[in-house]
Amino acid sequence: MDGNAPEFNAIQISCLSEMANIGVGHAATAIAQMTNKPFQMSVPTVRSVELEAIPLMVGAVEELTVGIYMPVDGDVPGHMAFLFPWRSAQAFWRLLLGQAPESPEQIGELEASVMLEVGNIMNSSFLNAISEMCGLPIQATPPLLAVEMAAAILQAIVLEATTTDSHALSIETKVSCEEEQAEGYFLFIPTLGGLKRLFSSLGLPEVA
Amino acid sequence: MVATQLLVGMAEIQVAKEGPLFVCLGLGSCIGLAAYDPVAKVAGMVHVMLPAAFADKPVDKPGKFADTGVPHLLEQMARLGASRSRILVAMAGGAQVFNFGTGSAGKLDIGRRNADAVEAQVQALGLRCLGKDVGGNQGRTMTFDSGSGLVKVRTVTSMERALCSLKGS
């Protein structure tokens, strides 16, 4: 664990878990409406982590993965991403387009924009839910898409996070649709300043 | 014989007497730099994240930045008996991974800046670079077998291929 990582107390962590839980619930509803399939979300894990450790947190670090990344603006800025293994991405494409590319080289403009839209809807639903709960303006910025090794995608995001503000908290959850064997991994890394504003808007004690 | 594997995570520096297999997994815009002194048989690798240390913040991990990471790698290797004048290096990474979406071009071009910054360090320190695989859109896993000297690179779509050997010839 990073020596200078700020410690959050149990109340703050559990409050954040609860907010994230509601946020991912909204995101699951949005994706279910988009695809007409039932989606489940696991209870989000909120972890105080060293940023550099994030790329190796996902199981199959070298597996071909589709990642949608959105920088987050507003009072709780940060970095948000939605990642799915290639096989799951193909399931999403089949659900939404009727067919899926067989390899990354076959991803055209249509396939790319569908994926960007999936990420957009998931992330925006999550952010809107959080924004409403704490009464702070939070906006997602246009999404970026990568089709790459999971670790390479997460590294690129961590790198962006490093250039903004030091913070050490990640919210992860799994989104899955059993029927279609599609699952994704959702990650939100708020900035330290953003977290402080979030906690104070909820009347929670300052970070010690 | 199976070599010990040394995973070099983001912002990390690893050095050892020859033997272990150094690995940088899934380099996106980061750079992996492998270094070897064939006489002292001292090897090392650094996983650089950013071109230069922030002016307004203390450096928490020297391996994070090109301008601190490369000199620190050499320093740690020197402690094991390596001499800068003999050190051979190879580098990989510096890709732009997010290549779809509005504004992706140019916005996240940190990969190219990382590659330039590491290369500038290599030149400034007078190191001989025997292999380079940087830029493009593909993430890379870089391995350096300090037993055989072989540096290899693989991507999600291509088989592992040899980049160069740091054993000299």
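Numbered from 1 within each chain, the chains take letters A, B, ... in sequence-line order. Fair warning: this is a prediction, and the values are worked out from it, not measured in the lab.
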Is it the backbone or the side chain of B:Leu25 that comes under 4.5 Å from a heavy atom of chain A, or both, or neither?
both
Selection from A:Met149, A:Glu63, A:Gln155 maximising heavy-atom pairs under 4.5 Å formed with chain B
A:Gln155
On a heavy-atom basis, which atom in A:Thr173 and which in A:Met41 lie closest, and how many Å separate them?
CG2-CE, 4.1 Å
What residue in A:Ile68, A:Leu159, A:Thr65 has the most heavy-atom pairs under 4.5 Å with chain B?
A:Leu159
Strictly by side-chain hydrogen bond (donor to acceptor under 3.5 Å, both in side chains), give each pair with a member in residues 92-103 of chain A just once, sequence neighbours left out.
A:Ser103-A:Glu105
Under the ring pair (Phe, Tyr, Trp, His ring centres under 6.0 Å) rule, collect the residues that match up with B:Phe22, sequence neighbours excluded.
B:Phe144
Provide the closest heavy-atom pair for B:Gly32 versus B:Cys24 in the form atom of the first, atom of the second, distance.
CA-SG, 4.1 Å
Nearest heavy-atom approach of B:Leu130 to B:Ser165 is CD1-O, 3.5 Å
Applying a criterion of heavy atom separation less than 4.5 Å, what residues of residues 62-80 of chain B form contacts with chain A?
B:Lys64
Could you check whether the rings of A:Phe92 and A:Phe82 sit parallel, tilted or perpendicular, using 30° and 60° as the cut-offs?
perpendicular
May I ask you to say whether B:Lys61 pairs ionically with B:Glu12, meaning some side-chain N is under 4.0 Å from a carboxylate O?
no
Would you mind telling me which of B:Ala11, B:Gly93, B:Gly9, B:Gly26 has the largest number of heavy-atom pairs within less than 4.5 Å of chain A?
B:Gly26
Salt bridge B:Arg140-A:Glu62, side-chain N to carboxylate O under 4.0 Å:
no
Heavy-atom nearest pair, B:Asn114 first then B:Ser29, reads ND2-O, 2.8 Å
Quick check on the structure: residues of residues 150-159 of chain B within a heavy-atom distance below 4.5 Å of chain A, by number.
B:Arg154, B:Thr155, B:Val156, B:Thr157
Would you check, one step at a time, whether the test ring pair (Phe, Tyr, Trp, His ring centres under 6.0 Å) holds for A:Tyr185 with A:Phe84?
CA-CA 6 Å; A:Tyr185 171 90; A:Phe84 11 78; over 10 Å; no
Report yes if the side chains of A:Leu154 and A:Leu187 come closer than 4.5 Å at any heavy-atom pair, otherwise no.
yes
